[in-house]
Amino acid sequence: MKALIVDDNIAIQEILSEILVSEGWTTEQTGDVDDAISKLESFRPDLLILDSKVNGLNSFRILDEMEDGNKVRVIIISRSKETIPDDNPNVIGVVTKPFKSSDILSCIRESDLVDSDKNAKGMIHRFFGNNQQSNDAGDAPFEHDVKFGHSYYVIEEEPDMVYELGMSLLKTCRLMIITAGRTKAVNDRFKGYDTKVIGLSTKAKVGYLEMSKLGTLMNMVMSFIEENDRPVVIIDSIVQLIGVNGANTVMTMLHQIISSSKVTLIVSIEENYLSEKDVDVLSSMMEQYVLE
C-alpha cells in the first residue's frame with residue numbers, strides 16, 4: 001500500500017512517514033500542491049494525507065484535480081472551525097490540529113484500506129502520544145498519572161513541573177536531565193538519587209556542552225537509553241535549544257529520541273514560544289501534561 005503525505009512542514013512529513021512505514025506502507029512526501037497533483041499520477045497512492053493549507057494556501061484543489069473514479073482515500077488535517085469539503089467520497093476522515101499519530105491510524109483502521117482481521121486485532125503502536133502503548137512492567141500510573149513509555153511536554157514559564165514528573169518516576173526508572181541552568185542546582189534537587197545531569201551552554205564552558213553540538217548530545221542520549229532498562233530523559237532547555245539550532249532540527253531530534261527505543265521523554269516549553277506548526281509537530285509526538 002502506498003501513501004502520499006502533503007504538508008509544508010518537513011518534520012510532520014517525517015513523523016507521519018515513519019508511522020506509516022512501520023505499518024508496512026510505502027510513502028512519498030511533498031510540501032507543494034502542484035507536485036502533489038503530479039505524484040497522484042506518477043506515484044499512484046492508495047492514501048493521501050493532506051494538510052488543508054500548504055504554504056498558506058488552500059490545498060483542496062488537489063481533490064478537484066482527481067479524476068472521476070479515482071479510488072485514493074484521503075485523510076484531511078485541518079484547523080478548528082475550518083470548512084472541510086464533506087461531499088467528496090474519497091475523504092475517509094478529518095483530523096483536527098493538534099493531532100496524535102493514533103488519530104491518523106484510527107482513520108485508516110476504520111476505512112477499507114486495511115485488512116479487517118488486522119483491524120480486529122487492534123495492533124499495538126508505540127508512537128508519540130499513542131495511548132495504545134504497552135508497558136512491559138505494567139501500565140499502572142505513577143504519581144501525577146505519568147506512565148513510563150509515554151512522552152510528555154509541559155507548558156510552563158520556568159522548568160519546575162518537568163522535574164516533578166521526573167521525580168514521580170525515580171523509583172523504577174533512571175533519569176538523564178539536560179539543563180540550560182546551573183547543573184549544581186539540578187544535582188541538589190535530585191540529591192541522593194542516581195541521575196545523570198548534562199549542562200548546556202551557548203558557548204564553550206568547562207563542564208558544559210555547547211548547545212550547537214546536537215550530534216554529540218544525541219550520542220550521549222542514545223548511549224544513556226541503551227545502557228538503561230527504563231530510561232527517562234528530561235529536557236528543561238527546549239527554548240534555548242531551538243534558539244540556537246532552529247525548531248525543525250530540534251523537533252527532529254525529539255522525534256529520533258522517542259522512536260529509538262522504549263523511553264520516556266519529558267520537555268519543558270514556555271507558553272506562546274512555538275509557532276502553530278511547531279505545536280502541531282510537538283503534539284503529534286508527545287502528550288501535553290496539564291496539572292489538574
Side-chain angles (χ1 to χ4, degrees), residues 1-79 82-130 132 248 251-252 255-256 259 277 280-281 284-285:
M1 301 288 278
K2 297 190 291 186
L4 175 62
I5 300 164
V6 184
D7 197 296
D8 54 9
N9 190 304
I10 294 175
I12 287 182
Q13 288 182 23
E14 292 176 350
I15 291 167
L16 291 177
S17 177
E18 184 162 344
I19 292 167
L20 291 171
V21 167
S22 75
E23 296 291 309
W25 291 74
T26 299
T27 67
E28 286 196 9
Q29 305 88 47
T30 182
D32 181 82
V33 169
D34 290 330
D35 187 43
I37 293 171
S38 176
K39 286 182 183 294
L40 287 176
E41 278 295 317
S42 61
F43 183 53
R44 293 192 174 276
D46 302 285
L47 173 67
L48 172 66
I49 298 180
L50 178 64
D51 192 350
S52 60
K53 280 189 170 53
V54 177
N55 295 317
L57 301 176
N58 188 306
S59 64
F60 294 145
R61 70 182 179 89
I62 294 177
L63 303 180
D64 298 332
E65 293 287 339
M66 289 183 181
E67 297 178 358
D68 292 339
N70 191 323
K71 294 184 178 180
V72 62
R73 298 294 182 262
V74 181
I75 297 175
I76 296 173
I77 299 174
S78 74
R79 291 143 187 84
E82 194 169 32
T83 301
I84 302 298
D86 56 5
D87 58 348
N88 191 305
N90 296 66
V91 177
I92 61 172
V94 178
V95 175
T96 304
K97 293 183 177 183
F99 65 92
K100 296 180 181 179
S101 59
S102 54
D103 298 333
I104 299 290
L105 292 170
S106 293
C107 288
I108 295 173
R109 292 193 196 115
E110 292 168 4
S111 72
D112 58 359
L113 284 168
V114 294
D115 185 275
S116 59
D117 290 336
K118 287 184 179 179
N119 223 2
K121 290 177 183 176
M123 297 164 61
I124 294 175
H125 304 273
R126 293 178 54 240
F127 276 97
F128 333 128
N130 187 345
Q132 300 180 60
N248 275 351
M251 293 297 174
T252 300
H255 168 217
Q256 290 172 341
S259 62
K277 286 185 178 180
D280 292 339
V281 175
S284 69
M285 294 189 290

Any residue meeting salt bridge (Lys or Arg N to Asp or Glu O under 4.0 Å) with Glu14, in chain and number order, not counting sequence neighbours
none
For the CD1 atom of Ile62 and the CG atom of Leu50, what is their distance to the nearest 0.5 Å?
4.5 Å
Residue pair Gly31 / Val54: nearest heavy atoms and the distance that separates them
O-CG1, 3.3 Å
Hey, which of Leu63, Val6, Ile92 is the one that makes side-chain contact (heavy atoms from CB on, under 4.5 Å) with Val74?
Leu63
Gap separating the CG atom of Asp51 from the CG atom of Asp280, nearest 0.5 angstrom:
8.0 Å
Under 3.5 Å, is there a donor on one side chain and an acceptor on the other for Thr96 and Arg79?
no
Supply the atom-to-atom distance Ser42 OG to Ile37 CD1, rounded to the nearest 0.5 angstrom.
12.0 Å
What pairs with Ser17 under side chain to side chain donor-acceptor pair (under 3.5 Å), at least two apart in sequence or on another chain?
Thr27, Gln29
So CG of Leu47 and CG of Asn90: to nearest 0.5 Å the spacing works out to 11.0 Å
Is any side-chain heavy atom of Leu40 closer than 4.5 Å to a side-chain heavy atom of Glu65?
no
Who pairs with Arg44 by salt bridge (Lys or Arg N to Asp or Glu O under 4.0 Å), at least two apart in sequence or on another chain?
Glu41
Looking at every non-hydrogen atom in both residues, tell me the closest pair between Ile75 and Cys107 and how far apart they are.
CD1-CB, 3.6 Å
Quick one: do Asp8 and Lys53 make a salt bridge, cutoff under 4.0 Å?
no
Kindly give the heavy-atom pair with the smallest separation between Lys39 and Thr30, and that separation in Å.
CE-CB, 4.1 Å
What's the separation between atom CZ in Arg73 and atom CG in Asp46, rounded to the nearest 0.5 Å?
9.5 Å
Does the pair Asp34/Arg61 count as a salt bridge with the N-to-O cut at 4.0 Å?
yes
Looking at every heavy atom in both Ser78 and Ser52, which two are closest together, and how far apart are they?
CA-OG, 3.7 Å
Closest contact, heavy atoms only, Glu28 versus Phe43:
OE2-CD1, 3.4 Å
Interatomic distance, CD1@Ile104 vs CD1@Ile15, rounded to 0.5 Å, equals 11.5 Å
